[in-house]
Amino acid sequence: MTDREDMTLTSAGYYVSQEAPIRTDNPVATPQSTPPDILRCAYMELVVSDLAASRQFYVDVLGLYVTEEDDEAIYLRSTEEFIHHNLVLRLGPIAAVAAFSYRVRGAEDLDRAVEFYTELGCDVRRDPDGFVKGVGDSVRVVDPLGFPIEFFHQSDHVERMSWRYDLHIPGELVRLDHFNQVTPDVPRAVKFMQDLGFRVTEDIQDDEGTVYAAWMRRKPTVHDTAMTGGDGPRMHHVCFATHEKHNILAICDKLGALRRSDAIERGPGRHGVSNAFYLYLRDPDGHRVEVYTQDYYTGDPDNPVITWDVHDNQRRDWWGNPVVPSWYTDASLVLDLDGTPQPVVARTDSSEMAVTIGADGFSYTRADEGEKKLGHQL
Ligand SMILES: [Fe+2]
């Protein structure tokens with residue numbers, strides 16, 4: 001539980017403190033083994049039910065570049081990427097996530113990953129030829145939180161498309177930015193990810209210390225992944241970055257022109273958390289994709305941790321616009337290493353939707369006025 005007296009209230013309405021003000025009474029044991037040195041989130045492997053429909057969404061509408069494809073899978077990358085792919089779409093019987101994949105610094109980090117997760121008693125598998133095309137020696141695990149995680153270092157290099165302005169579209173997706181995972185016990189997840197070397201940049205709590213979500217990074221941005229409180233393990237979204245806000249507006253205009261505005265779930269808008277401009281889309285299988293731009297640098301060792309009050313109506317949308325209920329409730333299943341969906345465990349801590357939406361919830365715009373915005377969102 002966090003004492004707000006340990007935090008400093010800023011003029012913008014959020015709190016700052018040093019290092020994560022999150023404690024767990026249900027920790028995953030800290031391994032003795034050294035964790036792998038993770039560079040960044042690198043790609044997601046998504047199982048989809050109709051490869052042609054997914055190709056139309058990710059390639060024809062969103063403009064991701066096809067590195068390689070066959071009848072079973074499509075390998076896609078963003079504009080600035082030089083490794084083989086940022087997204088693998090694989091045809092399969094159940095729409096779900098097969099892997100959240102991180103790139104590690106060197107080959108020795110794959111040995112470290114094997115030792116680290118073996119010590120935790122996890123299912124650990126290694127394929128020296130890689131589990132997918134374009135990457136070499138890889139380790140896949142089901143982590144203690146129930147998520148399928150991959151680590152790799154070697155990847156085929158492909159052309160970085162940044163200079164190919166002749167191919168760019170108004171809504172150009174330039175980088176993979178982050179994953180977002182749904183997990184029932186956020187403090188437990190945060191402690192485990194800290195043991196793996198991640199650092200918290202922002203979180204959402206109430207004044208009793210219940211943690212509703214936390215953002216965690218390896219690369220020096222707001223996050224490589226976020227832990228969102230809810231029934232899990234599930235995948236909340238995968239996020240690509242654009243250079244500018246207008247690129248996100250162009251995606252909305254294009255979806256409208258294609259009569260595909262029903263793919264827009266939430267936004268566009270400005271986040272409180274991360275300060276980024278955002279848009280949430282749903283792909284043909286319902287997998288959620290965020291498009292996001294202009295968060296901030298977090299690489300200094302004393303980067304302040306930001307804590308938002310769950311009742312601050314500007315935490316998830318800086319303009320105070322409603323969060324649609326599906327955004328809180330819907331998420332994608334995740335698979336074990338044999339392709340079976342992981343069982344979903346219910347969250348027992350308070351639900352962010354319940355405490356902020358509807359007759360039982362409240363949120364405020366100005367905390368000092370004690371204003372309660374009852375039933376604002378339904
Ligand atoms: Fe996100």
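What you see is a predicted model, and the numbers here were worked out from it, not measured in a lab. Order of appearance sets the numbers: ligands from 1, and atoms from 1 within every ligand.
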Which class fits the ring pair [X] and [Y]: parallel under 30°, tilted 30 to 60°, perpendicular over 60°?
{"X": "F192", "Y": "F116", "result": "tilted"}
{"X": "H223", "Y": "W215", "result": "perpendicular"}
{"X": "F152", "Y": "Y43", "result": "tilted"}
{"X": "F151", "Y": "Y102", "result": "parallel"}

*When clusters are formed by joining ILVMFWY residues with side-chain heavy atoms under 4.5 Å apart, either directly or through shared neighbours, do L87 and Y65 land in the same one?*
no

*Ignoring waters, how many protein N/O/S atoms are under 2.8 Å from the Fe ion (ligand 1)?*
3

*Could you tell me which residues satisfy side chain to side chain contact (heavy atoms under 4.5 Å, CB included) with S351, sequence neighbours excluded, listed by chain and number?*
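Partners of S351 under the side chain to side chain contact (heavy atoms under 4.5 Å, CB included) test: M353, A354.
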
